[in-house]
Amino acid sequence: MTTSAVVSAQNLGLTFKTNDGDVVALSDVNLTIDKGEFVSFIGPSGCGKTTFLRTIADLERPTSGTLTINGQTPDQARKSRAYGYVFQAPALYPWRTIEKNIALPLEIMGYSQAQQAQRIKRTMDLVNLSGFEKKYPWQLSGGMQQRASIARALAFDADLLLMDEPFGALDEIVRDHLNSELLKLWDRTQKTICFVTHSIPEAVYLSTKIVVMSPRPGRVTDIIESDLPRERPLDIRETPEFLAIAARVREGLRAGHSYDEDHV
Amino acid sequence: MNRVLPILTVLFAIVVIWYAAAIGMNAPWQTTLNTRAELTDVPFTDFALQTWAQERPVLPAPHQVIGEIWNATVALEFNSRRSLAYHGWITLSSTLLGFVLGTALGVALAVVIVHNEAANRSLMPWIIASQTIPILAIAPMVVVGLGAVGITGTVPRALISMYLSFFPVVVGMVKGLRSPEAIQLDLMRTYDATTWQTFWKLRWPAAMPMLFASMKVGIAISLIGAVVSELSNAAGGGLGVRLLTGSYNGQTIQIWAALFIAAALAAVLVMIVGAAERVVNTRMGARP
Amino acid sequence: MSQLQFFLALVAGGLSAAALALSLVTPFEQALLLKAFLGLGFLTLLRFFLPIGLWADGALALLGAVALLTSVGIFSPAPAFFWMALIAAWLFAWLFVERLSNVLAPRLADNAGLGLLIPITFGAALLVIWEVVTRGANVPPVLLPAPSMIGAQLANSASILWADFVQTFIKSVLPGYAMGCLAGLVVAILVDRSPFLKAGLLPIGNFMSALPIIGIAPIMVMWFGFDWQSKAAVVVAMTFFPMLVNTVAGLNASSAIERDLMRTYAAGYWQTLMKLRLPAAGPFIFNALKINSTLALIGAIVAEFFGTPIVGMGFRISTGVGRLAIDLVWAEIAVAAVAGSAFYGVIALIERGVTFWHPSVRGGRT
């Protein structure tokens with residue numbers, strides 16, 4: 001069913017040229033992500049999970065193979081504003097208030113003032129930040145800043161959300177909370193989400209599909225379809241079904257020699 | 001090579017623009033000269049060459065300036081009043097004396113300010129405020145005032161340079177000596193290190209980058225102070241005096257030559273401080 | 001009491017006692033206030049038995065300053081005990097500042113008013129010492145006139161000073177500053193689009209910033225005449241390079257993540273420039289604006305040393321020095337100092353308003 005494929009990669013490869021020789025960041029990646037899926041990419045540092053996400057976003061150029069987003073090239077997809085991207089850091093502009101930060105993509109894409117106001121209100125409600133419109137980023141906690149950056153990615157209604165370890169810098173308590181909120185948000189908006197993480201519980205808790213990757217060269221070693229229900233309370237993480245999937249992810253990581261010590 | 005090529009290109013462009021501008025700016029006078037000499041139909045190439053060879057051009061061509069520098073340095077006795085080497089030496093000596101004094105004073109004051117809260121609170125606001133005052137304007141008065149009580153020669157000019165180079169050093173050093181983080185200072189506390197030990201083993205090495213950064217600013221501004229302070233005593237000599245006499249006599253080539261020498265001095269002095277910085281950095285274990 | 005405070009208190013009290021003893025040879029009613037100060041200063045030696053508040057030291061320093069200023073005309077030449085009283089008053093002021101800052105030190109941020117008292121005390125002490133020493137020791141006014149003389153000259157020559165201010169500051173500094181900064185900003189934005197030009201111009205711009213550009217003043221006077229145009233041209237040349245170098249650095253100050261973000265929006269060059277790179281360059285641009293505010297005033301004044309119409313701050317300073325009218329020169333310098341600080345202060349205020357978000361302004365973490 002290629003029509004419903006949001007992201008489709010065939011034999012995708014990416015090699016960085018550095019002073020110390022070539023580094024194979026991605027090698028022979030084959031993957032199809034369908035509409036409405038929540039896909040997690042998991043693996044140790046250097047496995048290419050972030051690189052793959054950046055390639056989808058046209059922030060990196062693949063050196064071999066093909067990659068399409070909604071049937072378009074990554075460049076066309078970027079220019080048609082097909083996705084929202086959430087970075088590891090909130091990357092909110094400190095000279096703009098929260099609402100102005102969320103308005104940033106809307107201004108660039110030429111939305112009218114009225115549309116901007118309406119979308120700001122909707123997305124701020126969606127991430128539970130109402131009441132903080134006039135605050136500056138540096139007046140908020142790290143978790144709230146990251147929520148604002150998610151709101152910014154949602155503001156222009158792209159169907160695809162790319163998230164690169166968005167909660168990596170937050171403590172576990174905040175992270176649990178934001179994870180369950182993200183699931184609710186996904187359920188409500190029906191978006192397709194690609195989510196990079198290096199936490200096994202986080203990947204299993206959130207995903208419908210888990211892509212296990214391993215380094216040197218960066219490649220996909222396992223793709224696990226999760227049969228957990230869409231409705232997931234936090235304590236689902238103690239159920240045998242959850243633990244079974246987590247065990248399979250761990251197995252996949254081990255098979256890819258991902259537990260080897262880094263040689264660097 | 002990748003770094004040199006763009007610089008050379010820009011420099012080349014500057015020289016080309018300079019020559020072109022010299023033709024344009026000197027043309028009216030050259031036309032007057034040619035009319036007086038009843039020369040007509042001068043070919044453009046000849047005309048261009050003429051504009052680059054005037055005695056008192058509005059804008060001298062680069063080769064005229066370099067020729068003047070050659071004539072006024074290598075081709076002259078060092079002690080000649082027309083020797084740029086002689087005037088350059090006068091400027092250099094007060095620059096260096098002032099710079100050394102200013103740096104020493106700046107470092108000493110920074111040490112006091114970092115260690116004494118009262119000194120910090122009384123002095124720092126005034127030091128920062130005085131940065132905003134056009135201190136150079138005082139230069140002629142200091143030279144004349146000290147001259148009135150019999151202090152003449154290098155010392156008054158060096159005092160101006162000292163005053164100017166002192167500010168960047170004291171501000172930079174206070175920042176540098178305070179740059180160690182709280183945990184590094186706490187570590188010294190756990191060793192029960194004395195103030196003196198903390199200073200030599202932590203604060204002083206940590207302040208080195210700021211010291212050199214402010215010394216580069218200090219030596220450049222010290223040279224400016226020396227040149228400006230020379231303006232008020234035409235008998236004393238120095239590159240500033242060459243600028244002044246050149247301006248009175250309309251000797252543009254002389255002005256540009258003095259300017260080039262001053263620029264070269266500034267460049268060499270900053271480079272020397274930069275070289276010292278690299279040596280110290282290497283010895284402190286920085287990567288080359 | 002710290003070691004330093006102990007010594008300050010001991011020397012100040014002892015010096016007061018000695019000066020009081022020496023002053024007894026003069027007629028009783030002469031310089032009564034000064035003697036009262038010395039007597040009270042002597043009594044502070046009691047602090048080694050009874051605690052004395054730091055405000056007592058402050059009040060004593062103030063009393064000493066008033067006593068010295070009122071009695072400086074009485075003696076000619078000033079006797080030894082007068083100078084000892086000056087040193088004692090200064091030590092009391094020092095002791096006051098030392099104790100006050102020790103009280104304030106643990107509470108850095110609050111007590112802003114009291115914190116301000118310390119530099120004010122220092123500045124006032126400096127002025128008092130200047131006044132008392134120049135008048136008490138009959139320092140030739142050519143070397144250093146007393147502040148009161150400078151103040152009187154400020155009032156007397158107000159119209160001259162105002163005309164000079166208009167000529168130098170309003171006509172030369174402001175237009176030159178505006179043109180130089182704007183040109184630097186525009187060229188930086190243009191150069192920024194070409195990595196090759198940037199690689200070539202930036203080292204040269206850095207190099208030019210270190211050069212004595214002020215030396216082009218005689219050339220500018222020849223090219224643009226004696227009036228303000230030549231001064232403005234010098235100011236343009238002096239302010240251009242700091243602005244160029246700082247703006248180019250500032251345009252690169254945005255982080256990779258912030259620029260990637262703009263790329264994911266498929267934002268164009270100008271959108272990225274206006275919405276990200278220029279705001280991020282704000283602190284750098286204001287840094288250049290502040291540096292240039294000082295440079296501009298220096299450039300205009302020094303350029304006037306090379307020839308002016310018969311008005312202008314630099315003209316007044318150079319001719320005043322020649323005629324040994326030093327108090328007028330000092331008055332002119334006072335005007336220049338106030339103008340320079342005010343100019344800088346206005347830029348700094350605008351900076352606080354515009355780059356309020358920067359950690360260095362809001363005083364917080366990143």
Side-chain angles (χ1 to χ4, degrees), chain A residues 50 53-54 56-61 69 74-98 100-111 135-142 145 149 152-153 155-156 158 160-166 169, chain C residues 109 185 189 192 195 199 246-247 249-290 347-366:
Chain A
T50 294
L53 206 66
R54 290 174 63 85
I56 298 173
D58 190 35
L59 295 173
E60 309 287 353
R61 292 272 156 80
I69 289 96
D75 183 53
Q76 288 167 336
R78 178 170 66 86
K79 294 205 166 119
S80 60
R81 278 94 187 216
Y83 63 85
Y85 200 107
V86 180
F87 292 89
Q88 279 160 314
L92 299 165
Y93 293 175
W95 52 87
R96 285 171 169 256
T97 57
I98 295 300
K100 282 285 171 198
N101 264 293
I102 296 170
L104 176 73
L106 304 175
E107 289 171 16
I108 289 170
M109 296 170 193
Y111 286 81
K135 293 280 184 194
Y136 285 94
W138 30 275
Q139 294 169 323
L140 302 186
S141 69
Q145 289 184 23
S149 90
R152 183 179 57 187
F156 51 98
L160 176 61
L161 197 55
L162 306 174
M163 306 180 85
D164 181 9
E165 293 186 45
Chain C
L185 188 72
I189 291 172
D192 182 69
N246 272 286
T247 308
L251 288 175
N252 292 321
S254 52
S255 67
I257 249 186
E258 289 170 328
R259 271 173 277 148
D260 278 349
L261 181 71
M262 293 310 259
R263 201 175 142 73
T264 67
Y265 299 150
Y269 169 81
W270 289 104
Q271 286 176 322
T272 309
L273 183 72
M274 296 312 291
K275 295 203 187 293
L276 168 62
R277 300 176 67 213
L278 267 185
F284 290 81
I285 294 172
F286 272 101
N287 186 36
L289 284 175
K290 287 196 286 186
I347 306 283
L349 272 181
I350 298 173
E351 177 185 27
R352 290 190 77 85
V354 175
T355 63
F356 61 91
W357 48 272
H358 196 256
S360 69
V361 175
R362 61 186 157 88
R365 296 164 297 118
T366 41

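Quick note on labels: first sequence line is chain A, next is B, and so on, each numbered from 1.
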(message) Could you walk me through whether C:R277 and C:S254 satisfy the side-chain hydrogen bond (donor to acceptor under 3.5 Å, both in side chains) test, starting with their C-alpha distance in whole Å, then the side-chain angles of each, then the deciding distance to 0.1 Å, before giving a yes or no?
(response) CA-CA 6 Å; C:R277 300 176 67 213; C:S254 52; 4.8 Å; no
(request) Go through C:P279, C:S255, C:G268 and name the one with the most non-hydrogen pairs under 4.5 angstrom from chain A. (result)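 Most heavy-atom pairs within the cutoff with chain A belong to C:P279.
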(message) For chain A, which candidate among C:V354, C:T264, C:T355 shows the most heavy-atom pairs at distances under 4.5 Å?
(response)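 Ranked by contacts with chain A, first place is C:T264.
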(request) State whether A:K79 and A:D58 are salt-bridged, where the test is any N-O pair (Lys NZ or Arg NE/NH1/NH2 against Asp/Glu carboxylate O) under 4.0 Å. (result)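 So A:K79 does not pair with A:D58 through a salt bridge.
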(request) With a 4.5 angstrom heavy-atom cut-off, could you sort out which part of C:E258 is near chain A: side chain, backbone, both or neither? (result)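 Contact with chain A involves both backbone and side-chain atoms of C:E258.
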(request) Walk me through it: do A:Y136 and C:F356 pass the test ring-ring contact (aromatic ring centres under 6.0 Å, His included)? (result) CA-CA 10 Å; A:Y136 285 94; C:F356 61 91; 4.8 Å; yes
(request) Please look at A:R81 and chain C and tell me whether the side chain, the backbone, both or neither of the residue comes under 4.5 angstrom of a heavy atom of that chain. (result)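 A:R81 touches chain C through side-chain heavy atoms alone.
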(message) So C:L261 and A:Y93, do their side chains get closer than 4.5 Å, heavy atoms only?
(response)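 Yes, side chains in contact.
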